[in-house]
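First up is the structure itself, then whatever we jot down about it.
Throughout, a chain's letter reflects where its sequence line sits, starting with A, and its residues are numbered from 1. Predicted model only: the values in this text are computed from it and were never measured.
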2 protein chains.
Amino acid sequence: MMADDHTEAEALEPEARPADPRAEAFQGVREARRNELAEDYVELIAELIHEHGEARPVEIATKMGVTAPTVAKTLGRLARDGLITRAKYRSVFLTEEGRALARECQQRHEIVLRFLLSLGLDPETAERDAEGIEHHVSERTLALFAAFADRS
Amino acid sequence: MMADDHTEAEALEPEARPADPRAEAFQGVREARRNELAEDYVELIAELIHEHGEARPVEIATKMGVTAPTVAKTLGRLARDGLITRAKYRSVFLTEEGRALARECQQRHEIVLRFLLSLGLDPETAERDAEGIEHHVSERTLALFAAFADRS
DNA sequence: GATGATTATTAGCCTTGTCTAACTTGTCGC
DNA sequence: GCGACAAGTTAGACAAGGCTAATAATCATC
Ligand SMILES: [Mn+2]
Ligand SMILES: [Mn+2]
Ligand SMILES: [Mn+2]
Ligand SMILES: [Mn+2]
């Protein structure tokens, strides 16, 4: 056994699909994309709880710029994934896991924002770009952003 | 006519939905998200044509890290949207519009990548982060990135 | 404590983007 | 020119994420 591999020069990693270096990058981006919505939601929910004491779907809908049914369906997925808890017709709470994710997202958001501002970007554009960029910044990049923003 | 607006102090923009400032940011990000895939595809197709003289679905699939049927369906949408042309069982071509978008994406990608590298990021991480970040960078931010990368 | 407005949910539709399985076409060697 | 194998397409499933329309619960307020 264990002698039927690489007749030529492949089958080294136990990865899924060939995985050309570029393909890996795209797969990573697709992975990040799958978490964007959850990240934005838990971040917003944490903020609403902090500011208003509670997070109500109507407020989430307003701040996210989507309709109430969209929020309801998304909250269903977040609950399924263990990030929030909720009772019918009541406001939303973060689980421990949700709180941890929210904290992480808030920090990341803040670092990316500070970084863009320190580059000289106007606040509105910075906020808008940060909202998109934050989900695609690796730990390593984030560290560089933080360092740059600090020394500025 | 035209006298039934703003009883209090609203209805100023002919926008869709209230649009709290944050909501606008999220809507902008969602908009950007809708174009990500098309951008990555036309960029890759342009590159394949440049390097190999033609862009074949099998190569697109490998480089994007997805299966052939996924590519087929996506190419269908790109054709519908006027970015490419194709004949059955033949390779893919960019329309004028597709070429214009590809050029823009290539430039953006290159600037974001150079910027990350000039910050001190390793090439692999830089490539990966650039692949995600490029779609969420405004013109203004891009200009700052380019300036920073140049003076470095 | 009835009732009307606000908030929340449910049902159902649509598009995108991914996959597997099965089939068709094209191409290259002989 | 034929046959294998590679490449491409089609069919169909499924989840996410958006929407509208209709229904249900909550709450304020009288
Ligand atoms: Mn965001
Ligand atoms: Mn954010
Ligand atoms: Mn990309
Ligand atoms: Mn790119």
Side chain of A:Arg77: nearest nucleotide among D:dT9, D:dA16, C:dT7? D:dA16

Quick one: which of D:dG17, C:dT10, C:dA8 gets closest to the side chain of A:Pro69? C:dT10

Parallel under 30°, tilted from 30 to 60°, perpendicular over 60°: which one fits the rings of B:Phe145 and B:Phe115? parallel

Would you kindly give the CD-to-P distance between B:Glu31 and C:dT16, to the nearest whole Å? 13 Å

Result for side chain to side chain contact (heavy atoms under 4.5 Å, CB included) between B:Glu43 and one of B:Arg103, B:Glu104, B:Glu134 points to B:Glu134

Rounded to the nearest Å, what distance is computed from the CZ atom of residue A:Arg33 to the C1' atom of nucleotide C:dT18? 12 Å

Measure the distance from CZ on B:Arg80 to P on C:dT15 and round it to the nearest whole Å. 9 Å

Under 4.0 Å: is that the gap between some side-chain N or O of A:Thr70 and OP1 or OP2 of D:dC19? yes

So B:Lys73, base contact, sugar-phosphate only, or nothing? Heavy-atom distance under 4.0 Å. base

Honestly curious: do B:Met64 and A:Val29 fall in one hydrophobic cluster under the side-chain, below-4.5 Å linking rule? no

With distance as the sole criterion, is a donor-acceptor pair present between the side chains of B:His109 and B:Glu127 under 3.5 Å? yes

Is it true that B:Asp20 and A:Thr62 share a donor-acceptor pair across their side chains at a distance under 3.5 Å? no

Atom-to-atom span, CZ of B:Phe26 to P of D:dG17 - whole angstrom: 14 Å

When B:Arg108 is tested against each of B:Leu142, B:Leu113, B:Ile133 for side chain to side chain contact (heavy atoms under 4.5 Å, CB included), which residue passes? B:Leu142

A:Leu37, nearest nucleotide to its side chain (from D:dT10, D:dG18, C:dT10): D:dG18

Output the rounded distance in Å from NZ (A:Lys63) to P (C:dT7). 13 Å

Without decimals, in angstroms, what is the distance between A:Lys88 NZ and C:dT10 C1'? 8 Å

Counting side-chain heavy atoms from C-beta on, which of C:dG17, D:dA25, D:dG8 comes nearest to A:Tyr89? D:dA25

DNA chain D base-pair string [pairs: Watson-Crick or G-U under 3.5 Å; |: paired with another strand]: ||||||||||||||||||||||||||||||

Nearest-Å distance, CG (A:Leu75) to C1' (D:dG17)? 13 Å

Comparing A:Arg90 and A:Tyr41 on DNA chain D - which has the more 5′ nearest nucleotide: A:Tyr41

Out of A:Leu44, A:Val66, A:Thr70, A:Thr74, which one pairs with A:Ile60 under the side chain to side chain contact (heavy atoms under 4.5 Å, CB included) rule? A:Leu44

Look at the side chain of B:Val66 and decide which nucleotide, out of D:dT9, C:dT9, C:dC19, has an atom nearest to it. C:dC19

Looking only at the side chain of A:Pro57 (C-beta and beyond, no hydrogens), which of the listed nucleotides C:dA8, D:dC19, C:dT18 gets closest? C:dA8

Kindly work out whether a path of hydrophobic side-chain contacts (I/L/V/M/F/W/Y, heavy atoms less than 4.5 Å apart) joins B:Leu37 to B:Leu94. yes

Distance below 4.0 Å between A:Thr67 side-chain N/O and D:dC19 OP1 or OP2: yes

Heavy atoms only, 4.0 Å cut-off, all strands: where does A:Arg30 land among base, sugar-phosphate and nothing? sugar-phosphate

Nearest whole Å is fine: how far is C:dC19 P from A:Arg34 CZ? 10 Å

